[in-house]
Amino acid sequence: MATKVYIVYYSMYGHVEKLAEEIEKGAASVEGVEATLWQVPETLSEEILGKMSAPPKSDVPIITPQDLAEADGFIFGFPTRFGMMSAQFKAFMDATGGLWRTQQLAGKPAGIFYSTGSQGGGQETTPLTAITQLVHHGMIFVPIGYSFGAGMFEMEQVKGGSPYGAGTYAGDGSRMPSELELAQAFHQGKYIAGITKKLKTAA
């Protein structure tokens with residue numbers, strides 16, 4: 001039976017979605033792993049999104065809390081809002097109380113990826129504060145550490161991400177993930193998928 005890894009994200013302007021797509025490719029590159037992209041529900045009205053110049057959502061399916069129970073592992077992604085996960089993703093996590101009561105996510109591995117507007121905008125505080133969501137569900141946080149190798153020490157170009165997970169800088173919104181950031185996202189998908197597969201096999 002295939003190991004199911006869900007890449008669950010919220011993206012308003014497409015930066016997190018670009019990382020998610022690369023993470024899916026990385027996870028799917030592991031033999032025996034079935035990687036699936038999901039979006040969390042939007043909480044803002046079309047009117048508000050229009051005023052914020054947000055582009056239309058992609059056709060990636062919208063996840064429900066109960067869908068999470070079907071996965072063996074997760075990689076969660078979201079933009080930062082003042083150094084923490086966006087309200088849309090927090091609202092989705094707030095709706096997982098039923099899963100928490102039955103501990104259906106306990107023992108499952110989970111990673112985190114993110115986008116910030118600037119270099120001091122939360123590349124570490126965003127995943128750090130998001131870990132509380134995993135802890136209450138009993139999930140196992142899987143950081144990438146320095147397993148990405150030389151890419152973690154790049155100093156000649158701007159690069160998001162940290163030992164917590166893949167990341168990107170959106171700047172004023174016009175900057176999209178660089179090739180190096182996308183490579184780190186691919187690595188994260190492959191790395192966490194491999195660990196998820198090992199844990200499922202050992203169970």
Side-chain angles (χ1 to χ4, degrees), residues 7-29 35 37-60 62 74-92 110-131 143-192:
I7 299 94
V8 185
Y9 68 92
Y10 174 77
S11 188
M12 180 175 284
Y13 296 107
H15 301 82
V16 172
E17 186 164 69
K18 289 289 186 187
L19 293 178
E21 291 168 351
E22 208 63 24
I23 286 171
E24 180 199 21
K25 293 176 187 176
S29 74
L37 283 174
W38 298 90
Q39 297 185 78
V40 301
E42 179 58 79
T43 59
L44 299 177
S45 68
E46 290 297 328
E47 179 183 4
I48 296 298
L49 290 171
K51 290 180 178 179
M52 298 176 73
S53 300
K57 299 294 184 189
S58 69
D59 58 1
V60 170
I62 304 298
F74 310 95
I75 311 176
F76 298 126
F78 30 78
T80 187
R81 296 291 184 265
F82 298 118
M84 301 175 72
M85 68 168 59
S86 64
Q88 290 87 348
F89 207 94
K90 180 60 166 60
F92 174 73
I112 296 169
F113 62 104
Y114 38 86
S115 171
T116 69
S118 64
Q119 294 189 56
Q123 290 280 316
E124 293 193 348
T125 61
T126 301
L128 180 62
T129 53
I131 290 172
I144 60 171
Y146 284 82
S147 62
F148 186 48
M152 295 297 294
F153 300 93
E154 173 60 41
M155 297 293 287
E156 299 303 316
Q157 61 176 295
V158 173
K159 185 191 78 69
S162 72
Y164 290 94
T168 188
Y169 295 118
D172 62 2
S174 62
R175 181 187 186 273
M176 280 293 167
S178 66
E179 289 301 315
L180 184 58
E181 289 170 337
L182 292 174
Q184 186 177 31
F186 182 95
H187 170 77
Q188 183 176 21
K190 183 176 181 179
Y191 183 75
I192 293 180

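Bear in mind the structure is a predicted one, so any value in this text is a computation, not a measurement.
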> Using the benzene-type ring in the case of Trp, are the ring centres of F113 and F78 under 6.0 Å apart?
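Centroid distance F113-F78: not below 6.0 Å, so no.
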
> Once you round to the nearest 0.5 Å, how far does NZ of K57 lie from OG of S11?
6.5 Å

> Can you confirm whether the side chains of T125 and Y164 place a donor and an acceptor under 3.5 Å from each other?
no

> Mind checking ring-ring contact (aromatic ring centres under 6.0 Å, His included) for F148 and listing every partner two or more places apart, or none if nothing turns up?
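With sequence neighbours excluded, F148 shows a ring-ring contact (aromatic ring centres under 6.0 Å, His included) to H187, given in chain and number order.
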
> If we count only N and O atoms by modelled type, under 3.5 Å, do the side chains of Q123 and T116 hold a donor and an acceptor together?
yes

> Please determine whether the number of non-hydrogen atoms from other residues, nucleotides or ligands lying under 6.0 Å from atom CD of Q157 exceeds 12.
yes

> What do you reckon, are the aromatic ring centroids of F76 and Y9 less than 6.0 Å apart?
no

> Taking atom types as modelled, find out whether S58 and E17 have a side-chain donor-acceptor pair closer than 3.5 angstrom.
yes

> Do M85 and T129 make a side-chain contact, defined as non-hydrogen atoms from C-beta onward lying under 4.5 Å apart?
no

> When you check the gap from the basic side-chain N to the acidic O, do K18 and E22 get nearer than 4.0 Å?
no

> Please, which pairs that meet salt bridge (charged side-chain N to carboxylate O under 4.0 Å, His left out) have at least one residue in residues 159-177, sequence neighbours excluded?
R175-E181

> Got a sec: does the CE of M176 have more than 12 other heavy atoms crowding it under 6.0 Å?
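Yes, the 6.0 Å shell around CE holds more than 12 heavy atoms from other groups.
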
> Dump the intermediate steps for salt bridge (charged side-chain N to carboxylate O under 4.0 Å, His left out) on E21 and K25, then the final yes or no.
CA-CA 6 Å; E21 291 168 351; K25 293 176 187 176; over 6 Å; no

